[in-house]
Each structure stands twice: as C-alpha cells, then as structure tokens.
Amino acid sequence: MEELSTEILVIGSGLAGIMAALAAEEVGVRTTLVGKFAIGMGNNSAISNGVFTASHERFSTENHQEETLKAGRGLNHAQIVRRLVDQAPEAMEKLKAWGVSLVEVPMGFMVDRSGGCDQIPGVLLMRSLKKRLGLGSIHCLPGLVVFDLVVGEGRVQGAFGFLRDGRPCLVQSKAVILAAGGGGAIYRRNDNQRSTLGDGYGLALRAGLPLLDLEFVQFYPFVLAEPGLHTFILYPPYPDGVKVMDEHGADLLERLGIEADLNRAIITRRDSLTLSLMESTRTGEVYFDLRQVPETSWKAYPLTLLERSKFPFRERPFLVAPAVHFCMGGVEIDENGRTSLPGLYAAGEVAWGLHGANRLGGNALTECAVFGRIAGRSAAEEAKQTGWTLMAEPLKKRWEKRANQYFKRKRGGAFRSSDLLKELKHLAWKFAGPIREESLLKEGLERLHTLETKIDQVSPETVKELFRKREMENGALLLKAILKGSLEREESRGAFYRRDFPERDDRQWLKNSVYSLVGEEIVVAHHPVRN
C-alpha cells in the first residue's frame, strides 16, 4: 500500500479545492491537492458560466445579502451568508492577483472572455488557476479516488483511496479540506460533469458527520432536450429576440410576466421558472426560439457555443426542459470552514449553510472562492499549531485489510455497473425530480432498495469497475437521503416542490433537515433554523 504524508490534504480540484490549496500554501504549510481526474478539470467549475455574484459600486453588500436570503426562503444560515457577502470582494481581488481576468456585470463579476469568446468561461477560469498552481510548491496528485476519510483518536487523520493504477493509497495529514463537489449527475437529466455523483457526501456520512437539507436540489430551466444532443445548459446572458414558447407557439415568458427581464429572472427565479416549465411539459413540449436574434449576437458568447454544433439552432425552435443543476444541502460548516469533526474542513458545493432552499445565481462560484480561501487559511493555521501524531499501526493494518475487501467477490454478482448507473439516474429523475409527491417518493425508496442490493453484488474485476461501484454506492446513498427527506418535508419551499403540499408552511417547516448514517440506514431529523 502506498503511504503518503502531508500537512494539508485537499480532496477535490475544482475552484474550491484550488482556492483552499493556494490559501494554505500562503500560510506556509505542505499541501497536497488530489483529484479524480486531471487537476482543475473534470469538475463543475470547468464547465461553469464563470459568473461570481459579489458586491461592487452598483451592487452593495446589502443587496447581495438581501438577494441571497430571499432566494433561500428562510433556511439559510445567516452568519454564513454574512461572511460570504463581506469576503466576496476580497476574494475577487485575490482571483485577479492569481491571474483570473474578471469584468464587472450588474450583480458581480464574470470571467473575461475577450480573446477567447469561443471558450466556456469555466475553462478559462480553471486554466488561469492551474497556471498559478504550477508556480508554487503544492503537490498535485491527479487520479487518486478517495474512498474514505481516516478517523482516529477523535479527529480526521487523512484519507484512504486508490490510485489510477489500482494501488491502494493511505494519506496521512494534520487536516483535511473536503471540496469534492455535489451530486447532480445522479439524475438522468443534469448539466453537471458526469462524475459528479455525491462522493463528498458519501465520505462525510461514512465518517459520522451529519448532512443538512439534501432534499433541496436546484433545477436549471433551460437545458437542451433535443434527442441525440447532450443535456447542454443554455448559458445566459440571453440576447434580445429570444422566445420561450409551447408547442402551439404561445409565449411562455409573457405568460409568466418576465419577457423583458429574462437575464435577471434566471438568477433570482430559477425555482418558479422550473416549476412553470415542468407543468408545461406535462401537456406538451417547450421550445427555445432564436430565429429573431440579431446576427451580431451569433458572433458573441454564449451563442458562439451553439455555432459549433451541426444542429440548426438558427433555423427552427428546439426542445428545452429543466435539468438538475446544483445541490443546496451538504456538510455543516462554521464561519471558518470547520466541520464538527476535528481537523476536517469543507468548502464549495459539498458544504451547507449559504443557500437555504434555493441558490441565488452566481453564488456557487463565489462560495467556492470565498470559503475555499477561508477553509485553506483556517486548516493551515491549525496545522501549524498541531504536532505530528503518527497514525497507529493497528489503524494502518485495518486499512490494508480494507483495501483487499473492496475487490472481494460477491455471490451472485452478475450485474454490470453501467446498467446499474443508468437505473440509478432513472430512479432519481422519476421519483425525486422537480415535482414530488408521497406515492412517488415511497415507490422510489422501494425501487432503490432493490437497486442497492444489486450494487452490493457487483464484483469489481478492474480498477475502473471498482471506482464505478464506489460512485454508485455514494449516489445511491445520496438518493436515499433525498427521497427520505422529501417524504418527511410536507410543504413546498424554494426549489423544493411537493404537489400534495403545494404551499410554504413556516409554522411547521421553518426547519433544517439533518441526515445521519446509522449502520446502513439514513436517519432524518429536523431542527429549527439557527441564526
């Protein structure tokens, strides 16, 4: 078994992970950054629209706080919100200092696309930060898939996983920063990177940490739904002339009263837009129509992305439908990025506290930038004050034994990982989609139980199959939590909608849901919102 040691271990190499690693390096501690794939790529940061909601002269911190709390519908952690809005301008300056070119937009900043207008802004963002990584001393380790956090003597002591060649790897560290992203790709319709299957949530639950508000999943309204095309998000800003209509040609935006302000609505009203479109798709199709868009707009981002395709986007309306975009729930952190497990910090989509029942557009990258830096600094300061406690030999032996067990053959294991993953995605979309109700949720839990039995019987014979099985275990764990939490929350709020309980109920449900793993089961409790 490969054994490594570092003072700070950062799990996840998207924006939050890189920001954390760079901040830790500035404090002067040895830092190792690991990712499932190439560092900086293969994550949602790299396919993002590059928008950061943050205050400037035309958009105050008070505006930012108000819009964030309004989107969260009463379930945000107010202190986390305040820390974000206060620290966002400083984080924007740090990004600029690290080589990211930003331009001001009405509610914050956006990655500058001049000179690279045919590139997704997230790619430009991550390329700049990867270049900055190459100038420092951070040890980057791509291709390490972390299976478990190592906990001993009441604190996190590192992590265990497998390298891409199949060798088990045990990493000892003084502190760990969890920045492994969300889990949107467990759904059949999503705009996430395909490997975003809830790894961070699985790591936290198995380490004994509670997760909060997992039932709140954000859906993006306008995602391609044409047969044969990828579920590609239609990025804003939307140019003049865009129409959204039903199959009879009726203007849906006019019906919703937002035809003149679609770009603001996509930031502040994603929940209501999604529900309106989902209701429309029950009786027919929904189309995006770009035929009236001026010629000049086709030479500018984001329409330049569509110009790469052979599909005739200019010539006829095309199908769109909502798809999963973001997970609001996650690991509870304090204002310094600490979790309840000593030595463990978290940042980015895997963390909870900022978004409440629905995320304000642009706050995802801002959260990564702000709390990535905060977690990196906090973990590094703790590491400087912590002496090395060598991992006990019995603990090492336990993980050596565990490594062999992962490849142990199961009886009756004749299931293909790829087939089971498709089944998981189908279950998530059908039973825990944008519109939920009791009968569907109960049926979803029953079918998931059968699927979990099949997943358990998978016998990996290759490293790829081993990794896929772990991803399915994490995804199934996340889906079980979403289904159970959705069944218990008898109201509708923000991005969460129960057809059988369509009204918001502050008297009964101004509460956060708390998920714990007890044995193999997810247990859900609730506590009043803490501000």
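For the numbers below, each heavy atom of this structure counts, side chains included, while hydrogens, waters and symmetry mates do not.
Note that the CG atom of L275 and the CZ atom of R499 stand 9.5 Å from one another [nearest 0.5 Å]. Here the OG1-CG distance, from T339 to L344, works out to 3.5 Å after rounding to the nearest 0.5 Å. Interatomic distance, CG of D505 versus CZ of R498, reported as 12.0 Å (0.5 Å rounding). The CG atom of L125 sits 11.5 Å away from atom CG of N49, with the distance rounded to the nearest 0.5 Å. Between D213 atom CG and E332 atom CD the span is 10.0 Å, to the nearest 0.5 Å. Residue N336 holds its CG atom at 9.0 Å from CZ of F371, rounded to the nearest 0.5 Å.
In this structure, I482 and A432 approach most closely via the heavy-atom pair CG2-CB, 3.9 Å. The two residues G475 and I186 make their nearest non-hydrogen contact at CA-CG2, 3.7 Å. When every heavy atom of P227 is checked against every heavy atom of L319, the shortest pair comes out as CD-CD1, 4.3 Å. Taking all atoms of both residues into account, the shortest heavy-atom contact from P210 to S516 is CB-OG, 4.1 Å. Across V217 and L214, no two heavy atoms sit closer than the pair CG2-O, 3.9 Å. The nearest pair of heavy atoms linking L224 to H230 is CB-O, 3.6 Å.
Using a distance-only test at 3.5 Å, with no hydrogens or angles considered, a donor-acceptor pair links the side chain of N43 to the main chain of A46. The backbone N or O of V223 lies less than 3.5 Å from a partner atom in the side chain of R189, making a donor-acceptor pair. The backbone N or O of N190 sits less than 3.5 Å from a side-chain atom of T231, completing a donor-acceptor pair. Not one N or O on the side chain of N358 forms a donor-acceptor pair closer than 3.5 Å with the backbone of Q218. In this structure, the side chain of R447 does not engage the main chain of E443 through any donor-acceptor pair within 3.5 Å. Counting only distance, with no hydrogens or angles, the side chain of S513 and the backbone of G485 share no donor-acceptor pair below 3.5 Å. Checking side-chain atoms of E247 against main-chain N and O of G284 turns up no donor-acceptor pair under 3.5 Å. A donor-acceptor pair is defined here as one N or O able to donate and one able to accept, closer than 3.5 Å; no such pair exists between the side chain of S378 and the backbone of A375. Side-chain N or O atoms of S48 include one that pairs as donor or acceptor with a backbone N or O of S45 at under 3.5 Å. Using modelled atom types, one side-chain atom of S492 and one backbone atom of F501 make a donor-acceptor pair closer than 3.5 Å.
With contacts defined as side-chain heavy-atom distances shorter than 4.5 Å, the pair L75/W352 does not qualify. Residues V176 and I8 form no side-chain contact, since every pair of their non-hydrogen atoms from C-beta on lies 4.5 Å or further apart. Using a 4.5 Å cut-off on side-chain heavy atoms (C-beta onward), T450 and L448 make no contact. When side chains are defined from C-beta on, Y497 does not count as touching T274, because their heavy atoms never get closer than 4.5 Å. Within the 4.5 Å cutoff, side-chain heavy atoms of I266 are placed close to those of Y238. Between P121 and Y301 there is a side-chain heavy-atom pair separated by less than 4.5 Å. Side-chain contact between L424 and L451 is present, with at least one heavy-atom pair separated by less than 4.5 Å. In this structure, the side chains of L252 and S280 come closer than 4.5 Å at one or more pairs of heavy atoms.
Side-chain polar atoms of R436 and S486 form a donor-acceptor pair below 3.5 angstrom. Checked by atom type, the side-chain pair N76/R82 shows no donor-acceptor distance below 3.5 Å.
The salt bridge (Lys or Arg N to Asp or Glu O under 4.0 Å) search around D506 returns R493, R504, not counting sequence neighbours.
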Worked check of side chain to side chain donor-acceptor pair (under 3.5 Å) between T68 and N363:
CA-CA 8 Å; T68 300; N363 264 351; 3.0 Å; yes
In sequence, state the C-alpha distance, the side-chain angles, and the governing distance for F431 and L479, and then conclude on side chain to side chain contact (heavy atoms under 4.5 Å, CB included).
CA-CA 10 Å; F431 299 107; L479 178 55; over 6 Å; no
Before giving the answer on side chain to side chain donor-acceptor pair (under 3.5 Å), spell out for S60 and N63 the whole-Å C-alpha distance, their side-chain angles and the decisive distance to 0.1 Å.
CA-CA 5 Å; S60 68; N63 294 148; 3.1 Å; yes
Please determine whether side chain to side chain donor-acceptor pair (under 3.5 Å) holds for the pair D191 and Y235, giving the CA-CA distance in whole Å, both sets of side-chain angles, and the decisive distance to 0.1 Å.
CA-CA 11 Å; D191 61 17; Y235 289 115; over 6 Å; no
Worked check of side chain to side chain contact (heavy atoms under 4.5 Å, CB included) between M245 and D289
CA-CA 8 Å; M245 58 190 190; D289 187 356; 3.8 Å; yes
Side chain to side chain contact (heavy atoms under 4.5 Å, CB included) assessment of I333 paired with I374:
CA-CA 11 Å; I333 59 172; I374 289 173; over 6 Å; no
Run F109 and F52 through ring-ring contact (aromatic ring centres under 6.0 Å, His included) and show every step you take.
CA-CA 5 Å; F109 299 86; F52 297 81; 8.3 Å; no
Dump the intermediate steps for side chain to side chain contact (heavy atoms under 4.5 Å, CB included) on D199 and Y201, then the final yes or no.
CA-CA 6 Å; D199 296 340; Y201 305 129; over 6 Å; no
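The aromatic rings of H64 and F59 sit tilted, their planes meeting at an angle between 30° and 60°.
Every pair passing ring-ring contact (aromatic ring centres under 6.0 Å, His included) that includes a residue from residues 512-531 is listed here, sequence neighbours excluded: W509-H526. Within the structure, no pair that satisfies the salt bridge (Lys or Arg N to Asp or Glu O under 4.0 Å) test touches residues 353-366, not counting sequence neighbours.
You'll find the ring centres of F288 and F222 inside the 6.0 Å limit. The distance between the ring centers of H355 and F326 falls below 6.0 angstrom. Two rings, from F219 and H325, have their centers 6.0 Å or more apart.
Between K484 and E521 there is a salt bridge, with a side-chain nitrogen of the basic residue lying less than 4.0 Å from a carboxylate oxygen of the acidic one. Between R188 and E423 there is no salt bridge, since none of the side-chain N atoms of the basic residue sits less than 4.0 Å from a carboxylate O of the acidic one. The pair K454-E452 fails the salt-bridge criterion, with no side-chain N (NZ, NE, NH1 or NH2) lying under 4.0 Å from an Asp/Glu carboxylate O. A salt bridge does not link E335 with R83: every distance from a Lys NZ or Arg NE/NH1/NH2 to an Asp or Glu carboxylate oxygen is 4.0 Å or more. In this structure, E438 pairs ionically with K442, as a charged nitrogen and a carboxylate oxygen lie closer than 4.0 Å. Of the charged side-chain nitrogens involved, none lies within less than 4.0 Å of a carboxylate oxygen, so that R255 and D251 do not count as a salt-bridged pair. A salt bridge is absent between E491 and R507; no separation between the charged side-chain nitrogens and carboxylate oxygens falls under 4.0 Å. The pair D271-R73 meets the salt-bridge criterion, since a charged nitrogen lies less than 4.0 angstrom from a carboxylate oxygen. By the 4.0 Å N-to-carboxylate-O rule, E104 lies close enough to R58 to be salt-bridged with it.
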